[in-house]
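Heads up: numbering here begins at 1 and tracks the sequence.
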Amino acid sequence: ARSDAPRGTGAAPALPEGAGRTPNSLPSLAVRVAFAGARAEYDNVIDAEALGALDVTVWNDGPGIAYGVTVAASLERPTPGIDVGSGGRADSIPAGRGVTLRVELATSNQLGDGTVAVRVRASDRADRASADAPRLVVRTRAPRPPVLVLEGIGLRDQSGNGRIEPREIV
């Protein structure tokens, strides 16, 4: 490399624009979460023996690209009858953009009436986590026994008249 600077002055040689510089452009992740289940549209309830999901939108508010972004959800306290699946993954999120990832929820007949609080966290492959970990509260509903009503009895008799007569096979 040849320098136009005079020898012995201590001046560094000029570099082409952008060469040799490492920009400090880190991603900055922000998270928004919503419940997506069969009854999510009107009452944010997950029933026993049902499937639901968390739709997690991850935004990159920073100037850099976020690589290997994963989301993870966890229950604030152990709750029998509900399992939280592994989170989704995005290969990259450009600056100023967002992606929606899904975390599955599954319930069993052990689920009781009440509420469950879920925390969601996003991080990139360098383990830079989102500044916030949103909390979502979903109501839970225990299994209900079915209501059975006898509406009528149909009778198929041998003569076809709908009446049981002596020595008739029904």
Side-chain angles (χ1 to χ4, degrees), residues 26-62 64-158 160-164 168-170:
L26 299 176
S28 176
L29 302 177
V31 178
R32 187 176 60 219
V33 62
F35 177 66
R39 299 175 52 168
E41 306 82 47
Y42 59 94
D43 61 3
N44 247 21
V45 172
I46 188 165
D47 291 314
E49 298 180 334
L51 297 175
L54 302 175
D55 283 339
V56 182
T57 303
V58 182
W59 286 94
N60 180 3
D61 291 332
I65 299 172
Y67 292 101
V69 176
T70 58
V71 295
S74 60
L75 301 176
E76 283 190 346
R77 69 179 197 284
T79 304
I82 189 164
D83 292 316
V84 179
S86 60
R89 183 180 191 284
D91 291 333
S92 66
I93 304 175
R97 297 285 177 110
V99 297
T100 299
L101 304 171
R102 186 163 267 208
V103 178
E104 300 292 330
L105 301 174
T107 62
S108 71
N109 63 359
Q110 301 298 315
L111 188 67
D113 285 332
T115 60
V116 62
V118 183
R119 288 268 183 199
V120 179
R121 177 182 178 268
S123 61
D124 66 5
R125 73 173 173 213
D127 206 28
R128 286 183 290 264
S130 54
D132 55 343
R135 178 180 191 256
L136 179 71
V137 177
V138 177
R139 292 186 333 187
T140 59
R141 211 171 87 142
R144 305 282 193 264
V147 177
L148 302 175
V149 177
L150 182 61
E151 289 192 14
I153 298 176
L155 187 51
R156 188 179 278 165
D157 62 326
Q158 201 173 26
N161 64 359
R163 291 189 290 158
I164 301 174
E168 187 172 32
I169 299 173
V170 179

Side chains of residues 78-94: which donor-acceptor pairs under 3.5 Å do they make with residues two or more places apart or in other chains?
residue: Thr79; atom: OG1; partner: Arg77; partner atom: O; Å: 3.1
residue: Arg89; atom: NH1; partner: Asp91; partner atom: OD1; Å: 2.7

Can you tell if the side chain of [X] reaches within under 4.5 Å of the side chain of [Y], non-hydrogen atoms only?
X	Y	value
Asp113	Arg144	yes
Phe35	Leu105	yes
Val120	Val103	no
Thr57	Val99	no
Ile65	Pro27	no

Practice task
Report the C-alpha distance between Val137 and Arg135 in whole Å, list the side-chain angles of each, state the deciding distance to 0.1 Å, and finish with yes or no for side-chain contact (heavy atoms from CB on, under 4.5 Å).
Solution key: CA-CA 7 Å; Val137 177; Arg135 178 180 191 256; 3.5 Å; yes
Not counting sequence neighbours, which residues clear salt bridge (charged side-chain N to carboxylate O under 4.0 Å, His left out) with Arg32? List them please.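 Per chain and number, Arg32 pairs via salt bridge (charged side-chain N to carboxylate O under 4.0 Å, His left out) with no residue.
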Taken in chain and number order and not counting sequence neighbours, the residues that satisfy salt bridge (charged side-chain N to carboxylate O under 4.0 Å, His left out) with Asp61 are none
Could you please spell out the steps behind the side-chain contact (heavy atoms from CB on, under 4.5 Å) verdict for Asp47 and Arg141? CA-CA 5 Å; Asp47 291 314; Arg141 211 171 87 142; 3.0 Å; yes
Check your understanding: What do the steps show when you test Val71 against Val58 for side-chain contact (heavy atoms from CB on, under 4.5 Å), and what is the final call?
Key -> CA-CA 8 Å; Val71 295; Val58 182; 3.6 Å; yes
Mark yes or no for whether Thr107, through its side chain, and Ala50, through its backbone, hold a donor-acceptor pair below 3.5 Å.
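Answer holds: yes.
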